Structures are given as structure tokens and as C-alpha cells.
J.: 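The structure follows.
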Amino acid sequence: MSGRNTALTPPADATAPVRHPDAPAPGELLGAHYEHCFGCGGDQPHGLHLESRAGKGVRVTAEFTVRPAHQGAPGLAHGGVLATALDETLGSLNWLLRVIAVTGRLETDYLRPVPVGTALYLEAEVTAVAGRKIYSTAVGRIGGPEGPVAVRADALFIEVKIDHFIENGRPEEIRAAMAEPDQVRRARAFEVNP
């Protein structure tokens with residue numbers, strides 16, 4: 001990994017990730033963690049509406065289609081939108097570990113332009129865990145799982161307690177999320193970035 005940030009390199013004492021026994025089954029659609037999330041929420045009119053599925057081990061796949069609202073240069077996806085898609089996919093991995101974690105660092109490489117109208121297929125996996133630190137990697141391919149690689153990222157997520165959100169989030173949204181009667185949906189609402 002020459003040229004990569006050492007903060008994204010797991011320490012020598014890191015362990016292999018272990019899929020939680022209650023994690024969604026491989027192939028299961030994970031659904032939105034929060035309906036107002038720009039990455040996966042259905043209530044965001046210009047959001048990515050990214051859909052993630054549990055994979056084998058500690059892996060997920062996801063897809064989204066680049067729409068006109070996502071462009072930066074004329075007819076091409078904005079780089080920040082592509083980074084958001086990678087971050088959202090990487091963040092959904094934490095559901096397989098059954099931990100609440102936030103993005104600590106995200107390093108993204110842009111390898112080719114992604115035109116508006118393109119379906120971006122994303123794959124992500126946790127590579128190591130060291131205490132509260134979760135190391136992961138993702139790749140985004142144009143058109144499907146065998147398509148050319150357009151973007152890739154390495155990330156470091158940090159496990160946090162729910163207090164992180166209660167102390168830092170907007171009170172009305174926190175109250176609404178905490179009032180969710182479905183315990184799983186309530187827990188998933190707090191799978192977000194700092």
C-alpha cells in the first residue's frame with residue numbers, strides 16, 4: 001500500500017473481523033438506516049437512495065444510479081457524491097458487526113469518470129479490527145460487479161456509544177429516532193458519520 005495513509009493501515013495486533021451471529025443473512029437487503037440519510041434514506045429527494053445487501057463474511061454490496069442532481073462537471077458524477085456512496089457502503093458494514101461506529105477517516109481514489117445515468121456497483125469489506133477501530137475497504141465499478149473500477153476507498157471507522165449522537169445531534173431528530181418503536185430500526189438510525 002505504498003502512498004497510502006498509515007492511519008488506514010491496521011496495527012500488527014489487529015484481528016480479523018468477526019460477523020455477528022445476529023447479522024443479516026447473506027443476500028438480505030439492509031434497507032435505510034435512517035429515512036432522512038442522504039446516502040440511503042428514501043425521504044431525501046436528491047439523495048443517493050443507495051441499497052446495500054449483506055454479503056458473506058463481513059462484506060456488503062450496494063448499488064446506486066447517478067442522477068442529474070448528482071453531477072459536478074456537466075454529465076458526470078460529482079466526486080463528493082461518489083465519496084458519499086463509498087462512505088455509505090463502508091458504513092453499512094458495521095451492521096454486520098452489530099456495532100455503532102462513525103467514519104474517522106476516508107481516503108478515496110478516483111480512477112475514471114462516472115457519467116450521469118450510470119449504475120455504480122459497490123463492494124466493501126471489513127479487513128481488520130483493533131479495539132474500537134474498524135478498518136475497511138471498498139471499490140465502485142461501473143455497470144455491475146465485473147465492470148471497470150471507477151472509485152475505491154479505504155476507511156477507518158471508530159466504534160462509539162449512542163451518547164455520541166445524543167450529545168451532538170439536533171435534539172428533535174434524536175428524539176424522533178429514539179422514539180422509533182422498532183428496536184432494530186432505532187439502533188440502525190445511529191449508523192452515521194460524525
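Just so it is clear, the model here is predicted, and its values are computed rather than measured. The figures here come from the full heavy-atom set of this structure, side chains too, leaving out hydrogens, waters and symmetry mates.
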J.: Is it true that a side-chain atom of Glu88 and a backbone atom of Ala85 form a donor plus acceptor pair closer than 3.5 Å?
T.: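 It does not hold such a pair.
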J.: Does a sphere of radius 6.0 Å around NE2 in His46 hold more than 12 heavy atoms from other residues, nucleotides or ligands, not counting ones at 6.0 Å or beyond?
T.: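 For His46, atom NE2 is not crowded (no more than 12 foreign heavy atoms under 6.0 Å).
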J.: Is Leu29 close to Glu51 at the side-chain level, that is, under 4.5 Å between some pair of heavy atoms?
T.: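 Of all side-chain heavy-atom pairs linking Leu29 with Glu51, at least one is under 4.5 Å.
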J.: Work out which heavy atom in Pro24 is nearest to a heavy atom in Leu96; give both atom names and the distance.
T.: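 Closest approach of Pro24 to Leu96: CD-CD2, 3.9 Å.
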J.: For a quick test of reading the model, state the closest non-hydrogen atom pair linking Pro115 to Pro113 and the distance between them.
T.: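 Heavy atoms of Pro115 and Pro113 come nearest at CD-O, 3.6 Å.
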J.: With hydrophobic residues grouped by side-chain heavy-atom distances under 4.5 Å, do Val126 and Val139 end up in a single group?
T.: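 Val126 does not cluster with Val139.
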J.: Using a strict threshold of under 4.0 Å (side-chain N to carboxylate O), is an ion pair present between Glu159 and Arg132?
T.: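 No, this pair does not count.
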J.: Which heavy atom of Pro11 sits nearest to which heavy atom of Ala130, and what is that distance?
T.: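 Smallest heavy-atom distance, with atoms named: CG-CB, 3.7 Å.
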J.: Output the distance between atom CZ (Arg105) and atom NZ (Lys133), rounded to the nearest 0.5 Å.
T.: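 One gets 10.5 Å once the value is rounded to the nearest 0.5 Å.
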J.: Quick one: CD1 on Ile142 to CG on Leu120, what's the gap to the nearest 0.5 Å?
T.: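 CG of Leu120 is found 7.0 Å from CD1 of Ile142.
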J.: Under the criterion side-chain contact (heavy atoms from CB on, under 4.5 Å), I'd like the reasoning laid out for Leu48 against Val81: C-alpha separation, chi angles, the key distance, then a yes or no.
T.: CA-CA 8 Å; Leu48 304 185; Val81 168; 3.4 Å; yes
J.: When rounded to the nearest 0.5 angstrom, what distance separates CG in Leu111 from CZ in Arg152?
T.: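 Leu111 atom CG to Arg152 atom CZ measures 4.5 Å (nearest 0.5 Å).
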J.: For the atom pair OG1 (Thr127) and CG (Asp154), what is the distance rounded to the nearest 0.5 Å?
T.: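 Reported value, rounded in 0.5 Å steps: 7.5 Å.
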J.: Compare every heavy atom of Ala83 with every heavy atom of Tyr110, then report the nearest pair and how far apart it is.
T.: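 The pair with the smallest heavy-atom distance is OH-CB, 3.6 Å.
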J.: Go through Gln71 and Val66 one step at a time and tell me if the side-chain contact (heavy atoms from CB on, under 4.5 Å) criterion holds.
T.: CA-CA 8 Å; Gln71 63 190 315; Val66 178; 5.9 Å; no
J.: Let me see the working for Leu76 and Val114 under side-chain contact (heavy atoms from CB on, under 4.5 Å), right down to the final yes or no.
T.: CA-CA 6 Å; Leu76 297 174; Val114 180; over 6 Å; no
J.: Side-chain contact, heavy-atom cut-off 4.5 Å: Leu106 with Phe157?
T.: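 Leu106 vs Phe157: side chains apart.
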J.: Closer than 3.5 angstrom, by distance alone: can the side chain of Arg19 be matched with the main-chain N or O of Gly57 as a donor-acceptor pair?
T.: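 Yes.
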J.: Is there a path from Leu90 to Leu30 through hydrophobic residues (I, L, V, M, F, W, Y) whose side chains come within less than 4.5 Å of each other?
T.: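 Yes; Leu30 is reachable from Leu90 via cluster members.
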J.: Are the side chains of Thr61 and Leu122 in touch, meaning some heavy atoms are under 4.5 Å apart?
T.: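 The answer is no; the side chains never approach within 4.5 Å.
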J.: Is there a side-chain contact between Trp95 and Val60 (heavy atoms, below 4.5 Å)?
T.: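 Of all side-chain heavy-atom pairs linking Val60 with Trp95, none is under 4.5 Å.
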J.: Can you check whether Glu123 reaches Arg141 side chain to side chain, under 4.5 Å on heavy atoms?
T.: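 Glu123 reaches Arg141 side chain to side chain.
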J.: Roughly how far apart are Thr9 OG1 and Tyr135 OH, rounded to 0.5 Å?
T.: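 Answer rounded to 0.5 Å: 8.0 Å.
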J.: Once rounded to the nearest 0.5 Å, what's the spacing between atom CZ of Arg59 and atom CD of Glu125?
T.: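 With rounding to 0.5 Å, CZ (Arg59) is 4.0 Å from CD (Glu125).
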J.: Which atoms form the tightest heavy-atom contact between Pro17 and Val58, and what is the distance?
T.: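 Here Pro17 and Val58 meet closest at CB-CG2, 3.9 Å.
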J.: Would you say Leu86 and Thr84 make side-chain contact, with heavy atoms under 4.5 Å?
T.: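 Heavy-atom side-chain distance check fails, nothing below 4.5 Å.
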J.: If every non-hydrogen atom of Leu93 is compared with every non-hydrogen atom of Ala124, which pair is closest and at what distance?
T.: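 Here Leu93 and Ala124 meet closest at CD2-O, 3.6 Å.
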J.: Using side-chain heavy atoms (C-beta onward) and a distance below 4.5 Å, is His70 in contact with Val116?
T.: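 Heavy-atom side-chain distance check fails, nothing below 4.5 Å.
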J.: For a 4.5 angstrom cut-off between non-hydrogen side-chain atoms, does Ile134 reach Ile158?
T.: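 No. Closest side-chain heavy atoms not under 4.5 Å.
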